[in-house]
Amino acid sequence: MECSVVLPLQGAGVVGTRPRGGGPVQAFWRADRRRRRLASAVAPAKCSKMYVPGFGEGSPERKAATNLQHFFNYVAVRVVLSQLESYNREAYYELKEFVSRTSLNDAEIFCKKLIRESPRLKGLAMRILEVRSAYVKSDFEWDNLKKLSFKMVDDANTKLMRDYVLEVSHIED
């Protein structure tokens with residue numbers, strides 16, 4: 001989630017309200033313009049999120065989501081290949097040959113090429129898209145991903161710090 005907060009500036013008041021009482025109209029419009037100018041200024045965000053530079057196209061979460069999409073496409077291709085292997089060997093070999101000459105690194109490019117390759121592969125591409133969507137929505141264990149990610153980062157950090165301490169302190173195991 002993006003962390004951009006617009007805070008009202010002190011003394012800006014509510015834009016567009018008309019003062020009660022019989023004040024001069026011209027003074028009201030000048031004050032109203034000043035309020036609009038002040039209200040349009042963005043106060044610095046008070047946010048507990050860490051700023052991560054180098055993600056001009058989006059956030060680190062967006063980059064991770066893109067990588068997950070490519071991974072889900074890979075999973076869907078593997079599922080469809082496995083299904084085809086048992087009941088349609090000809091389609092299995094055709095898809096397997098296509099996968100061998102086309103990179104799975106970019107899910108969208110892979111699917112575009114697959115759709116345009118042949119009528120049979122177009123049907124298999126639709127099947128891959130269905131499997132990918134079903135896997136993401138019902139089979140992928142998001143909570144498990146979060147737990148594993150935390151554990152893997154903590155374990156890796158602990159191991160690196162332990163190895164460094166052992167290296168600099170010259171302590172034997």
Q: Heavy atoms only: give me the nearest Leu129-Cys111 pair and the separation to one decimal.
A: CD2-SG, 3.8 Å
Q. What are the two closest heavy atoms between Trp142 and Val136, and how far apart are they?
A. NE1-O, 3.3 Å
Within this structure, what is the [atom1]-[atom2] distance for the pair [X] and [Y], rounded to the nearest 0.5 Å?
| X | Y | atom1 | atom2 | value |
| --- | --- | --- | --- | --- |
| Arg120 | Leu114 | CZ | CG | 12.5 Å |
| Leu121 | Phe98 | CG | CZ | 6.5 Å |
| Thr102 | Phe110 | OG1 | CZ | 6.0 Å |
| Lys112 | Asp106 | NZ | CG | 8.5 Å |
| Arg127 | Leu84 | CZ | CG | 9.0 Å |
| Leu81 | Ile128 | CG | CD1 | 7.0 Å |

Q: Output yes when a side-chain donor or acceptor of Ser82 lies under 3.5 Å from a complementary backbone atom of Arg78, and no otherwise.
A: no
(Q) Keeping Thr158 on the side-chain end and Asp154 on the backbone end, is there a donor-acceptor pair under 3.5 Å? (A) yes
Give a yes or no on whether [X] and [Y] share a hydrophobic cluster (residues Ile, Leu, Val, Met, Phe, Trp, Tyr; joining criterion: side-chain heavy atoms under 4.5 Å apart).
| X | Y | answer |
| --- | --- | --- |
| Tyr92 | Tyr87 | yes |
| Met126 | Val75 | no |
| Val99 | Val131 | yes |
| Phe72 | Leu124 | yes |
| Ile109 | Leu68 | no |

Q) Given the rule in the side-chain contact (heavy atoms from CB on, under 4.5 Å) test, do Thr66 and His70 qualify, once you have shown the distances and angles that lead to the verdict? A) CA-CA 6 Å; Thr66 300; His70 299 320; 3.6 Å; yes
Does a side-chain N-to-carboxylate-O contact under 4.0 Å join [X] and [Y]?
| X | Y | answer |
| --- | --- | --- |
| Glu108 | Arg132 | yes |
| Lys96 | Glu85 | no |
| Lys147 | Asp143 | no |

Within-4.5 Å side-chain heavy-atom neighbours: [X] and [Y]:
| X | Y | answer |
| --- | --- | --- |
| Tyr164 | Val168 | yes |
| Asn67 | Lys63 | yes |
| Asp155 | Lys159 | no |

Q: Could you walk me through whether Leu145 and Glu141 pass side-chain contact (heavy atoms from CB on, under 4.5 Å), step by step?
A: CA-CA 6 Å; Leu145 170 69; Glu141 296 179 12; over 6 Å; no
**Q.** Over 12 non-hydrogen atoms of neighbours within 6.0 angstrom of CE in Met161
**A.** yes
Q: Would you confirm whether the ring centroid of Tyr135 sits within less than 6.0 angstrom of the ring centroid of Phe71?
A: no
(Q) Set out, in order, the CA-CA distance, both residues' side-chain angles and the distance that settles salt bridge (charged side-chain N to carboxylate O under 4.0 Å, His left out) for Arg101 and Glu117, then state yes or no. (A) CA-CA 12 Å; Arg101 61 183 163 85; Glu117 184 75 13; 2.7 Å; yes
**Q.** side-chain contact (heavy atoms from CB on, under 4.5 Å) assessment of Lys122 paired with Arg116
**A.** CA-CA 7 Å; Lys122 179 182 177 184; Arg116 288 167 178 78; over 6 Å; no
